[in-house]
Amino acid sequence: MPELPEVETMCRGIRQVKGRRISRVSTPKCSLRPIRIAPSVSAIQKCLRDEAILDITRLGKRVLLHTEEYALILQPRMAGLVSLGVAPSSKHIRLQIDFHGEPDCRLLYWDRRGLGSVELIRNDEVQSRIVVGRLGPDALQITSEDFATRLAKTSRAIKVALLDQKLLAGVGNLYASEMLHVAGIHPATPAAQLSKSRIRRLYNAMQDVLLTAIEHEGSTLSDGTYRNALNDPGSYQNQHRVYDRAGAPCPKCSAGIVERIVQAQRSTFFCSRCQKT
DNA sequence: CATATGTCCTGAGAGC
DNA sequence: TGCTCTCAGGACATAT
């Protein structure tokens, strides 16, 4: 579930480890199937031991911890998170990073379903290995012109196009439904068919929804999986207009009922009364 | 090339 | 109550 707002919240929440020197990288013993970690944990430890974390950045839905030479890339996918020593359960802690002189503050990568991954590459490889061919411009960095140009090139339904990380990085299933509702656009509308003014509305809705969600520290759904770096839930779920609200009255027009459809094997929520093709 | 589908994984919740 | 079944969806591999 972590999308741009949740990953951004993770990055902000662990900012205090900036400047600390790594003493140990380890995997707590775990009865679950191991997640994908490359290279091995011992190889990662060899590269990172005694190195300082100089920067923490976000690339789409990934968290990057930078040392002078390396980037440790944490990709939470569906059910992962990065935290400061506390996690929803100890059973699912997949990676632990300890620091010199800070016995009480460690960095954890926690992942309930183990679909996420950890990867160490050199900083100078980030562009070629992670960005090129995988990630489009970040949803909070892209210009409205570039956004319009990219959407004009695909015949796919707008909701499906928004989930394509090569087209635009950071938007996931939850926020795609939310921003389309704010913009009043039916999720099945072919992207290339949208007028310039409606694309502009969608762009503004995207900025607004993502920034507001960051202010609320993301969305913690009913499964409670997502937490911020201190293990507290986000609060944007209380602002959801349509996501996971099928059957409820539309918060915008009150006359419509929120509907659920499936697009590209994923749930989409919308109000057919205020969202038109 | 563009687009569509299958797969990974665990836990929550439904249904009996 | 305890079992089985279905579902959640990000990103990649593979197919069309």
Test: A/Arg260 and A/Asp244 ion pair at under 4.0 Å
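A/Asp244 and A/Arg260: not salt-bridged.
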
What integer distance in Å separates [X]:[atom1] from [N]:[atom2]?
| X | N | atom1 | atom2 | answer |
| --- | --- | --- | --- | --- |
| A/Arg36 | B/dT7 | CZ | C1' | 12 Å |
| A/Leu32 | B/dC9 | CG | P | 11 Å |
| A/Leu163 | B/dT5 | CG | P | 15 Å |
| A/Asp111 | B/dT10 | CG | C1' | 10 Å |
| A/Lys166 | B/dC1 | NZ | P | 11 Å |
| A/Arg113 | B/dA12 | CZ | C1' | 11 Å |
| A/Ile35 | B/dT10 | CD1 | P | 12 Å |

With respect to A/Asn173, which candidate in A/Gln263, A/Arg266, A/Glu3, A/Lys159 satisfies the side chain to side chain donor-acceptor pair (under 3.5 Å) definition?
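For A/Asn173, the side chain to side chain donor-acceptor pair (under 3.5 Å) test succeeds with only one of A/Gln263, A/Arg266, A/Glu3, A/Lys159, which is A/Lys159.
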
Scan side-chain atoms only and decide if A/Tyr109 and A/Ser83 contain a donor-acceptor pair under the 3.5 Å cut-off.
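The criterion, which ignores hydrogens and geometry beyond distance, is not satisfied for A/Ser83 and A/Tyr109.
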
Using a distance-only test with no angle check, is there a side-chain donor-acceptor pair under 3.5 angstrom linking A/Ser272 and A/Glu259?
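Yes, because at least one side-chain N or O of A/Ser272 sits under 3.5 Å from a partner of the opposite role on A/Glu259.
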
Identify, between A/Ser155 and A/Gln265, the residue whose nearest nucleotide on DNA chain B lies closer to the 5' end.
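Nearer the 5' end of the strand: A/Ser155.
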
Pairwise 5' ranking along DNA chain B for A/Val160 and A/Arg266, keeping only the more 5' one
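This one resolves to A/Val160.
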
Classify [X] by what it touches in the nucleic acid, base, sugar-phosphate, or nothing, heavy-atom distance under 4.0 Å.
| X | value |
| --- | --- |
| A/Arg260 | sugar-phosphate |
| A/Tyr243 | sugar-phosphate |
| A/Ser117 | nothing |

Anything under 4.0 Å to a heavy atom of chain A counts; send over the first and last such nucleotide of DNA chain C, read 5' to 3'.
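Listing 5' to 3', DNA chain C meets chain A from C/dA8 to C/dC12.
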
Validation row, ring centre A/His186 to ring centre A/Phe270 under 6.0 Å
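So the answer is yes for these two rings.
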
What about A/Tyr236 and A/Tyr226, are their ring centers closer than 6.0 Å?
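No, the ring of A/Tyr236 stays outside the 6.0 Å limit from the ring of A/Tyr226, centre to centre.
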
Contact under 4.0 Å: A/His92 side-chain N or O vs B/dG11 OP1/OP2:
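Looking at the OP1 and OP2 atoms of B/dG11, one of them is under 4.0 Å from a side-chain N or O of A/His92.
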
Look at A/Lys91 and B/dT10 and indicate whether a side-chain polar atom (N or O) is within less than 4.0 Å of OP1 or OP2.
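Negative; the distance criterion is not met.
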
Determine the interatomic distance between P on B/dG6 and the same-named atom on C/dT6; round to the nearest Å.
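Roughly 16 Å separates the two P atoms.
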
Would a 4.5 Å heavy-atom cut-off, applied to side chains only, mark A/Glu178 and A/Gln239 as touching?
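In short, these two side chains do not touch, never coming nearer than 4.5 Å.
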
